[in-house]
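Hydrogens, waters and symmetry mates play no part in the numbers below; they use all other heavy atoms, side chains included.
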Amino acid sequence: MKNIIQNINKAFDHRIRLGIMSVLMVNESADFTTLKELLGVTDGNLASHTKALETENYIMIEKQFIGKKPNTSYRATTDGRKDFTAHIEALEKLISKT
């Protein structure tokens with residue numbers, strides 16, 4: 001029997017990373033404050049998990065100023081969208097097997 005968890009992506013197994021990618025899959029982009037409020041996380045938690053996803057090339061981080069205020073926004077990359085979709089499909093297969 002094929003290993004039913006082999007296609008589950010370790011990069012997405014934390015609930016915050018799962019949440020970040022879920023938001024970015026249905027939105028073109030999201031800013032730091034929006035993600036923080038939607039996910040109910042601290043600044044540090046969000047920053048560390050977005051950095052981890054950026055390191056894997058799953059999201060792009062864009063920093064800019066709007067007026068005099070800094071603004072950080074996030075966007076899922078093509079690889080991020082592809083690999084997250086595969087991860088969700090693997091979870092769905094796992095659920096249907098049990």
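- Residues satisfying the ring pair (Phe, Tyr, Trp, His ring centres under 6.0 Å) test with Phe12, not counting sequence neighbours, are Tyr58, Phe84, His87.
- Side-chain atoms of Asn9 come within 3.5 Å of backbone atoms of Ala11 as a donor-acceptor pair (strictly under, hydrogens ignored).
- Within the structure, salt bridge (charged side-chain N to carboxylate O under 4.0 Å, His left out) contacts touching residues 64-86 (residues at least two apart or in different chains) are Glu28-Arg75.
- Considering only heavy atoms from C-beta on, Asn71 comes within 4.5 Å of Ser73 through its side chain.
- Annotation: side-chain hydrogen bond (donor to acceptor under 3.5 Å, both in side chains) contacts of Asp31 (sequence neighbours excluded): Thr34.
- Ile16 is not listed as a side-chain neighbour of Leu18, based on a closest heavy-atom distance of 4.5 Å or more.
- For residues 17-44, no residue pair satisfies the ring pair (Phe, Tyr, Trp, His ring centres under 6.0 Å) rule, not counting sequence neighbours.
- Taken from CD1 in Ile61 to CD1 in Ile59, the straight-line distance is 4.5 Å, to the nearest 0.5 Å.
- Met60 and Met25 fall into different hydrophobic clusters, where Ile, Leu, Val, Met, Phe, Trp and Tyr side chains are chained together by heavy-atom contacts under 4.5 Å.
- For the salt bridge (Lys or Arg N to Asp or Glu O under 4.0 Å) test, residues two or more places apart in sequence or in another chain that qualify with Glu54 are Lys51.
- In this structure, the salt bridge (Lys or Arg N to Asp or Glu O under 4.0 Å) partners of Lys10, at least two apart in sequence or on a different chain, are Asp13.
- Residues passing the side-chain hydrogen bond (donor to acceptor under 3.5 Å, both in side chains) test with Glu89: none are found, sequence neighbours excluded.
- Considering only heavy atoms from C-beta on, Leu24 comes within 4.5 Å of Tyr74 through its side chain.
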Can you give me every donor-acceptor pair (side chain of residues 38-50, partner residue at least two apart or in another chain, under 3.5 Å) with its distance?
| from | atom 1 | to | atom 2 | distance (Å) |
| --- | --- | --- | --- | --- |
| Thr42 | OG1 | Asn45 | N | 3.1 |
| Asp43 | OD1 | Lys36 | NZ | 2.7 |
| Ser48 | OG | Gly44 | O | 3.3 |
| Ser48 | OG | Asn45 | O | 3.0 |
| His49 | ND1 | Arg17 | NE | 3.0 |
| Thr50 | OG1 | Leu46 | O | 2.9 |
| Thr50 | OG1 | Ala47 | O | 3.0 |

